[in-house]
Amino acid sequence: MPLTWEPFAMVAALWGLGSALSLPLGQGLALCAVGQGFQWPEGQVLDSLVGLANGDPGVGLRSPPPTTLTYASALSVWLIGTGVLLVLATVGARALGLSTAGRGLAGRAEIAATLGPAALRRRARVIRPDLFGRRRNPRGTRE
């Protein structure tokens with residue numbers, strides 16, 4: 001089955017959702033760090049996201065967290081989440097056979113079957129420039 005846009009759209013949607021949810025999660029972790037316990041903006045996640053984007057980290061919570069700590073923890077959560085998603089995408093690509101890592105170069109038989117003998121002779125200087133790159137002069141030194 002050919003690879004289409006759906007896996008890439010799924011990864012992009014997961015990244016977008018994770019990025020959006022890293023802000024309230026960072027808010028809750030900031031409150032937890034200052035000893036007020038973890039809080040999630042109940043029923044007001046969208047308002048909380050808008051408030052965080054506008055610089056007001058206390059929207060939807062019982063007590064406002066420290067602004068600097070909130071954004072630092074949200075950034076940390078986002079970086080960790082993005083890293084985990086990249087690792088999962090890499091593992092998934094390798095599991096599906098989409099990765100080129102470890103495939104190596106074509107062997108002599110594969111090159112000869114693909115190009116044919118005449119094309120190999122014509123392209124010898126490109127394929128093996130160390131052997132056929134420049135012509136030798138009569139004295140045996142390279143030109």
Side-chain angles (χ1 to χ4, degrees), residues 1-136 140-143:
M1 181 170 223
L3 181 66
T4 57
W5 58 271
E6 290 93 351
F8 302 109
M10 182 185 70
V11 169
L14 284 174
W15 180 79
L17 180 65
S19 295
L21 292 179
S22 69
L23 290 170
L25 184 60
Q27 232 178 0
L29 291 175
L31 283 169
C32 195
V34 295
Q36 295 180 4
F38 184 84
Q39 294 179 29
W40 185 262
E42 296 176 14
Q44 300 179 357
V45 175
L46 190 58
D47 293 336
S48 174
L49 288 173
V50 171
L52 283 165
N54 290 330
D56 183 19
V59 176
L61 300 174
R62 292 185 300 268
S63 58
T67 303
T68 306
L69 186 60
T70 299
Y71 289 110
S73 62
L75 180 64
S76 300
V77 168
W78 181 80
L79 286 173
I80 291 169
T82 299
V84 167
L85 186 63
L86 284 173
V87 167
L88 290 176
T90 303
V91 169
R94 286 187 180 169
L96 293 173
L98 304 175
S99 173
T100 58
R103 290 191 185 167
L105 299 175
R108 289 181 183 194
E110 292 172 312
I111 293 171
T114 302
L115 293 178
L120 278 175
R121 278 193 232 72
R122 277 196 315 270
R123 295 179 176 97
R125 288 191 301 171
V126 174
I127 295 170
R128 288 296 305 264
D130 57 330
L131 296 178
F132 306 104
R134 294 185 231 161
R135 301 196 182 214
R136 294 183 180 267
T141 59
R142 292 196 177 240
E143 294 178 348

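Along the sequence shown, the residues carry numbers beginning at 1.
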Over all heavy atoms of both residues, which pair between [X] and [Y] is shortest? Give the atoms and the distance, please.
X	Y	value
Glu110	Thr114	O-OG1, 2.8 Å
Pro57	Pro65	O-CD, 3.4 Å
Trp15	Leu85	CB-CD2, 3.4 Å
Val45	Pro24	CG1-CG, 4.3 Å
Pro129	Val126	CD-O, 3.5 Å

Check side-chain hydrogen bond (donor to acceptor under 3.5 Å, both in side chains) between [X] and all other residues, then give those that pass, not counting sequence neighbours.
X	result
Trp40	none
Ser48	Gln27
Ser19	Trp78
Ser76	none

Just jot down the side-chain contact (heavy atoms from CB on, under 4.5 Å) partners of [X], sequence neighbours excluded, or say none.
X	value
Leu120	Ile111, Ala112, Leu115, Ile127
Ala118	Arg121, Arg122
Val34	Gln36, Pro66, Leu69
Asp47	Gln44, Val59

inquiry  = Checking Arg62 now: which residues fulfil salt bridge (Lys or Arg N to Asp or Glu O under 4.0 Å) with it, not counting sequence neighbours?
reply    = none
